[in-house]
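Working notes for the structure below.
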Amino acid sequence: MVKDEVTQRLRAERLRSLATIYQNLAAGTVLLGGVLPGLRYAGSGDQSALLGTNLVLTLFVASLFVGISHSLLAKAVRLEA
């Protein structure tokens, strides 16, 4: 019985670690895909459509990473309960 509890705690810790990785991926995606190109094209009106499309795709990918992260955290909480 104790072995099962230890195994569940280890699984929960692994899931939390994976969730942290996905949160960092989401933050990096927003930084690289949204913020940096926005600074680059800030003054030019010709690139506004491209920048808007880039921002939408960036936020979509980041939201996927955040969703995966939340799912992993929810599984970790269920394992610990």
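Numbers here are sequence positions counted from 1.
With rounding to the nearest 0.5 Å, the separation of CG in L15 from OG in S69 is 10.5 Å. From N24, atom CG reaches atom CG of L31 across 12.0 Å, with rounding to the nearest 0.5 Å.
Between A26 and A62, the closest heavy-atom pair is CB-O, 3.7 Å.
Under the rule for a side chain to side chain donor-acceptor pair (under 3.5 Å), T58 has no partner lying at least two apart in sequence or in another chain. Partners of V61 according to the side-chain contact (heavy atoms from CB on, under 4.5 Å) rule, which considers only residues two or more places apart in sequence or in another chain, are T29, F65. Applying the side-chain contact (heavy atoms from CB on, under 4.5 Å) test to L57 and every residue at least two apart in sequence or in another chain returns T53. The side-chain contact (heavy atoms from CB on, under 4.5 Å) test applied to T7 returns K3, R11, not counting sequence neighbours. The side-chain contact (heavy atoms from CB on, under 4.5 Å) test applied to I68 returns Y22, L72, not counting sequence neighbours. With sequence neighbours excluded, the residues satisfying salt bridge (charged side-chain N to carboxylate O under 4.0 Å, His left out) with E80 are R16.
Under the 4.5 Å side-chain criterion, counting only non-hydrogen atoms from C-beta, L73 is in contact with Q23.
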